[in-house]
Student: 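First the structure, which I've put down as structure tokens, then a few questions once you've had a look.
Labels below follow one simple rule: chain letters A, B, ... track the order of the sequence lines, proteins then strands, and each chain is numbered from 1.
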There are 2 protein chains.
Amino acid sequence: MLSKKSQYAFKALTYLAEKYNKGPVLISEISKKKKIPLKFLENILLELKKAGILESKKGKGGGYFLKKDPSKVNVANVIRLVNGPIAMLPCVSLYFYERCKNCDEKHCGLHDMMILVRDASLNILENRTLKDLLL
Amino acid sequence: MLSKKSQYAFKALTYLAEKYNKGPVLISEISKKKKIPLKFLENILLELKKAGILESKKGKGGGYFLKKDPSKVNVANVIRLVNGPIAMLPCVSLYFYERCKNCDEKHCGLHDMMILVRDASLNILENRTLKDLLL
DNA sequence: TGATTATCCTACCAACTAAGTAGACTTTTA
DNA sequence: TAAAAGTCTACTTAGTTGGTAGGATAATCA
């Protein structure tokens with residue numbers, strides 16, 4: 001399941017996508033409109049900024065805004081960043097791979113099935129962007 | 001991600017599937033062969049029994065065994081039982097549904113996308129059984 | 001019938017993660 | 001230089017995960 005943090009992240013990102021190219025948006029505005037706890041939202045937006053998805057401006061007239069066009073922000077990447085692995089097992093994860101202990105990946109039915117699940121999910125998530133989440 | 005508990009459950013179940021119709025298997029045997037902490041495995045097997053997947057026999061010559069043929073034990077159901085929801089959001093879960101707060105499901109792009117992901121995953125998991133996990 | 005074998009059950013615990021809060025600091029701009 | 005706004009460090013609180021301990025209960029067999 002996606003964490004609350006991830007759900008907040010998507011709400012904030014889609015809000016910013018709607019306001020793309022309309023100047024910086026206050027954290028407090030996003031917090032109010034999307035009903036996300038202010039200080040928690042601060043952390044999330046900062047993380048998204050450090051990952052290169054958002055940009056910010058300090059001082060009066062400042063706020064957060066998308067660094068790239070909404071159609072360039074990949075959904076799978078946002079999930080990996082905020083939520084972690086998409087795969088159901090570490091041994092089939094592309095970005096968070098860890099070897100199974102006491103289990104030979106070459107002869108593991110669970111492993112093989114989870115690769116199929118991973119690919120089916122990625123087939124959707126890798127081909128969607130923030131733009132697809134609007135409306 | 002699947003919990004360790006879930007991974008242990010699948011290891012134990014596939015082991016029992018290999019021994020289907022060959023009489024009860026000791027918890028301690030599964031524990032040793034599959035390298036699963038004994039007392040933790042006890043809990044897991046008991047849970048699987050209560051869910052109607054396993055059967056047990058007490059006393060000498062006792063142990064655990066599959067209640068049904070491995071080809072009748074659905075993978076999706078095992079995951080739901082031991083790990084929880086398969087969907088990535090409560091608002092798109094079939095068996096663990098919860099309404100979104102502050103979010104209209106009729107107009108939510110995230111919701112729509114997560115239904116696609118859910119269905120893609122279920123399409124695989126619902127059509128596999130323990131038998132498919134062997135070898 | 002009583003010892004042995006094995007599951008069943010209740011309770012507990014340590015470590016970690018999720019979710020959120022507090023408060024001071026820094027930078028920008030008017 | 002004061003106000004506005006993001007940045008940073010640290011904390012709290014609640015819940016989950018991954019176990020462990022020890023006894024109760026039931027079945028078998030000598």
Student: Measure CG/B:N83 against P/D:dG18 and give the value in whole Å, please.
Tutor: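 Going from B:N83 (CG) to D:dG18 (P), I get 9 Å.
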
Student: In whole Å, what is the span from the NZ atom of A:K4 to the C1' atom of C:dA18?
Tutor: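 Value for this atom pair: 10 Å.
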
Student: Counting heavy atoms from C-beta on, name the nucleotide in D:dG18, D:dT28, D:dT7 closest to the side chain of B:K60.
Tutor: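 Nearest to the side chain of B:K60 among the choices is D:dT28.
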
Student: Less than 6.0 angstrom separating the ring centers of A:F40 and A:Y8, yes or no?
Tutor: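 Judged by ring-centre distance (under 6.0 Å), A:F40 and A:Y8 do meet the cut-off.
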
Student: Using atom CD1 of A:I44 as one end and atom C1' of D:dC8 as the other, report the distance to the nearest whole Å.
Tutor: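 From A:I44 CD1 to D:dC8 C1': 16 Å.
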
Student: Assess whether side-chain contact (heavy atoms from CB on, under 4.5 Å) is satisfied between B:K19 and B:E29, documenting all intermediate values.
Tutor: CA-CA 12 Å; B:K19 308 243 170 188; B:E29 178 184 336; 3.5 Å; yes

Student: Just checking A:L38: base, sugar-phosphate only, or nothing, at a heavy-atom cut-off of under 4.0 Å?
Tutor: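 The answer is nothing, as A:L38 stays clear of every strand by at least 4.0 Å.
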
Student: May I ask you to say what A:I27 touches in the nucleic acid, namely base, sugar-phosphate or nothing, with a heavy-atom cut-off under 4.0 Å?
Tutor: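 If one applies the 4.0 Å heavy-atom cut-off, A:I27 turns out to touch the sugar-phosphate alone, with no base involved.
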
Student: Report the nucleotide, chosen from D:dT28, D:dT7, D:dG6, that has the shortest atom-to-atom distance to any side-chain atom of A:Y64.
Tutor: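 Minimum distance to the A:Y64 side chain belongs to D:dT7.
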
Student: Side chain of A:K39 only, please: which of C:dA24, D:dG22, D:dG18 is the nearest?
Tutor: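 Among C:dA24, D:dG22, D:dG18, the one nearest the side chain of A:K39 is C:dA24.
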
Student: Tell me: CD of B:E42 to P of C:dT10, nearest whole Å?
Tutor: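 Rounded to the whole Å, the gap is 14 Å.
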
Student: Look at the side-chain N and O atoms of A:Y8 and state whether any lies under 4.0 Å from the OP1 or OP2 oxygen of C:dA19.
Tutor: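 The answer is no; no side-chain N or O of A:Y8 sits under 4.0 Å from OP1 or OP2.
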
Student: How close do B:Q7 and A:P90 get, counting heavy atoms only, and between which atoms?
Tutor: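 Looks like NE2-CD, 4.4 Å.
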
Student: Phosphate oxygens OP1/OP2 of C:dC9: is one of them under 4.0 Å from a side-chain N or O of B:K50?
Tutor: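 For C:dC9, OP1/OP2 do have a side-chain N/O of B:K50 under 4.0 Å.
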
Student: Report the distance from atom NZ of A:K57 to atom C1' of C:dT26, rounded to the nearest whole Å.
Tutor: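 Whole-Å distance recorded here is 15 Å.
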
Student: Is there a side-chain contact between B:N74 and B:L130 (heavy atoms, below 4.5 Å)?
Tutor: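 No. Closest side-chain heavy atoms not under 4.5 Å.
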
Student: Which whole-number value in Å describes the distance from B:E47 CD to D:dG18 P?
Tutor: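 Rounded to the whole Å, the gap is 13 Å.
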
Student: Take atom CG of B:L41 and atom C1' of D:dG18, then tell me their distance rounded to the nearest Å.
Tutor: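 Distance check: B:L41 CG to D:dG18 C1' gives 13 Å.
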
Student: NZ of A:K34: more than 12 outside heavy atoms within 6.0 angstrom?
Tutor: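 Enclosed.
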
Student: Of all the choices, D:dA21, D:dC8, D:dG6, which nucleotide is nearest to the side chain of A:S56 once you look at every atom?
Tutor: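 Side chain of A:S56 sits closest to D:dG6.
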
Student: Measure from NZ on B:K49 to P on C:dC9 and round the result to the nearest Å.
Tutor: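 Result: 7 Å.
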
Student: When you get a sec, tell me which of D:dG19, C:dT27, C:dG23 is the closest nucleotide to the side chain of A:K58?
Tutor: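 Nearest to the side chain of A:K58 among the choices is C:dT27.
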
Student: Closer to the 5' end of DNA chain C via nearest nucleotide, is it A:S3 or B:G61?
Tutor: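 Between the two, 5'-proximity favours B:G61.
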
